[in-house]
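Per chain, numbering begins at 1; letters A, B, ... match sequence-line order. Computed from a predicted model, the values in this text were never measured in an experiment.
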Protein chains: 2
Amino acid sequence: MMDERQIFNDYIKSEGLKGTSQRAAVLDVFLGTEGHVSVDDMHRMLSRRKLKVGYATVHRTMKLIAQCGLARQVRFNDGITRFEHQYMHEHHHHLVCTQCGKVIEFNSDRIDDAEKIILRKYGFLMHSHRYDVFGLCKECQNKKAGSSVKSG
Amino acid sequence: MMDERQIFNDYIKSEGLKGTSQRAAVLDVFLGTEGHVSVDDMHRMLSRRKLKVGYATVHRTMKLIAQCGLARQVRFNDGITRFEHQYMHEHHHHLVCTQCGKVIEFNSDRIDDAEKIILRKYGFLMHSHRYDVFGLCKECQNKKAGSSVKSG
DNA sequence: AGTATATTGAAAATGACTTTCATTTTCGAG
DNA sequence: CTCGAAAATGAAAGTCATTTTCAATATACT
């Protein structure tokens, strides 16, 4: 099993790039995250750890982390690009609660099968896909129901 | 069957807004479109028809058209918001060719069924969803195969 | 018609990136 | 090591889609 830092360093080398403390710091912090982090999140986490890395460098490094396959870019509908782990993480889709912002990850063999059928039908060669469902999570539905009952 | 202009005007009135020639022009041009149009596209089409509507107004009006349910916002991964017809148009998903930009629309009962199962499993209340597949359309695959054969 | 209120559009602002460029760092060759 | 070519950094400026501002204008109730 190849270590994530190894993958990153190999990629850096294979592209003729150089290893730097900033890149190591960004990768390090990213490896400690879960879920979906924005460049802003990353920059804040780095600052909290007293790691001073410029905004532009965080951007550039996150792009590298995505390019080498360790992260996947995710864009919901707020105009912010987020990154989630891709290495050793099963691909999944998202249920995004538009109230509280929670993101539930899901998978479905049924959907995978249906997708294969669609791709065959159109002769389409898939590189990537995303299936995002927007709505209310169970908790936010309950909150809403509760408040409307009390107010009535 | 309610006319689209009627729906828009009713919405305008219900929100205490006013009818203007610019709004009518934007709606008119939008009703004549197919597929996925950006604000830029709309603005260009309006100009071609000698309808001078400011950029900001086109933006504002497209938002209204979406809000009243006539259009749906679509965002692929180029940072541009596009609008597609939603009224009297079956909901569908997209196969986006990253080479030529073509967008194939698809539907699948299998996926719809699988989605229902997922929603029930997590108790999630869906408002909207999107399923976008990125890759190469049949034609672009052939072009690629042809060129590599010839170059070899 | 009169008037309160919404609309328009040009220009400025916003916000998420991206690029520029002078300075600093890295790393392979000697 | 130590040079030096080449890449990286980061502050600031630039992009680019979109949004807001605000003075001038249009709309639609009385």
Quick one, which residues of residues 29-36 of chain B touch DNA chain D with a heavy atom under 4.0 Å? none
Other ILVMFWY residues reachable from A:Leu125 by side-chain steps of under 4.5 Å: B:Leu136
Testing the basics here: between A:Cys137 and A:Cys97, what is the closest heavy-atom pair and its distance to 0.1 Å? N-SG, 3.4 Å
Provide a list of protein-nucleic acid N or O atom pairs under 3.5 angstrom, restricted to nucleotides 18-24 of chain C.
{"from": "C:dT20", "atom 1": "O4", "to": "A:Arg60", "atom 2": "NH1", "distance (Å)": "3.4"}

Can you find a pair of side-chain heavy atoms, one from A:Lys121 and one from A:Lys116, that are under 4.5 Å apart? no
Hydrophobic cluster partners of A:Leu95 (side-chain heavy atoms under 4.5 Å): A:Ile104, A:Phe106, A:Ile111, A:Ile118, A:Leu119, A:Tyr122, A:Phe124, A:Met126, A:Tyr131, A:Val133, B:Leu95, B:Ile104, B:Phe106, B:Ile111, B:Ile118, B:Leu119, B:Tyr122, B:Phe124, B:Met126, B:Tyr131, B:Val133
Once ring-ring contact (aromatic ring centres under 6.0 Å, His included) is applied, what residue pairs with a partner in residues 14-33 of chain A remain, sequence neighbours excluded? A:Phe30-A:His85
Can you work out whether B:Val39 or A:Val58 has the more 5'-proximal nearest nucleotide on DNA chain D? A:Val58
Could you check how far CZ of A:Arg44 sits from P of C:dA16, rounded to whole Å? 11 Å
Atom CG of B:Asn9 and atom P of C:dA6: how far apart are they, to the nearest Å? 18 Å
Quick one: which residue pairs count as a side chain to side chain donor-acceptor pair (under 3.5 Å) with a foot in residues 22-32 of chain A, not counting sequence neighbours? A:Arg5-A:Asp28, A:Asp28-A:Arg49
Given the side-chain rings of A:His127 and A:His129, with only the six-membered ring counted for Trp, is the space between their centroids under 6.0 Å? no
Just so I know, are the side chains of A:Asp112 and A:His91 near enough to count as touching, which here means a heavy-atom distance under 4.5 Å? no
So for atom CZ, which belongs to B:Arg72, do other residues, nucleotides or ligands contribute more than 12 heavy atoms lying within a distance under 6.0 Å? yes
Answer with base, sugar-phosphate or nothing: what part of the nucleic acid does B:Val53 contact at a heavy-atom distance below 4.0 Å? sugar-phosphate
Check each residue of residues 10-19 of chain A for a non-hydrogen atom within less than 4.0 Å of any atom in DNA chain C, then write out the ones that pass by number, or none. A:Lys18, A:Gly19
Where along residues 64-84 of chain A does a heavy atom fall under 4.0 Å from DNA chain C? A:Gly79, A:Ile80, A:Thr81
Can you tell me how far P of C:dT8 sits from CE of B:Met62, to the nearest Å? 14 Å
Please enumerate all residues that pass side chain to side chain donor-acceptor pair (under 3.5 Å) together with B:Gln73, with sequence neighbours excluded. none
With sequence neighbours excluded, what pairs up with B:Glu90 under the side chain to side chain donor-acceptor pair (under 3.5 Å) test? none
So do A:Arg48 and A:His43 actually touch side chain to side chain, heavy atoms under 4.5 Å? no
How close do A:Ile7 and A:Cys68 get, counting heavy atoms only, and between which atoms? CG2-O, 3.9 Å
Grab the NE2-P distance between B:His43 and C:dT8 for me, whole Å please. 13 Å
Just how far, in rounded Å, is P of C:dA16 from CG of A:Asp41? 11 Å
Heavy atoms, side chains only, cut-off 4.5 Å: are B:Thr61 and B:Leu27 in contact? no
Taking side chain as C-beta onward, heavy atoms only, is A:Leu17 less than 4.5 Å from A:Leu64? yes
Residue-level proximity of residues 20-27 of chain A to DNA chain D when a heavy atom falls under 4.0 Å: A:Thr20, A:Gln22, A:Arg23
If hydrophobic residues (ILVMFWY) are linked whenever their side-chain heavy atoms come closer than 4.5 Å, directly or via other members, who joins B:Phe76 in its cluster? B:Val74, B:Val96, B:Val103, B:Phe134
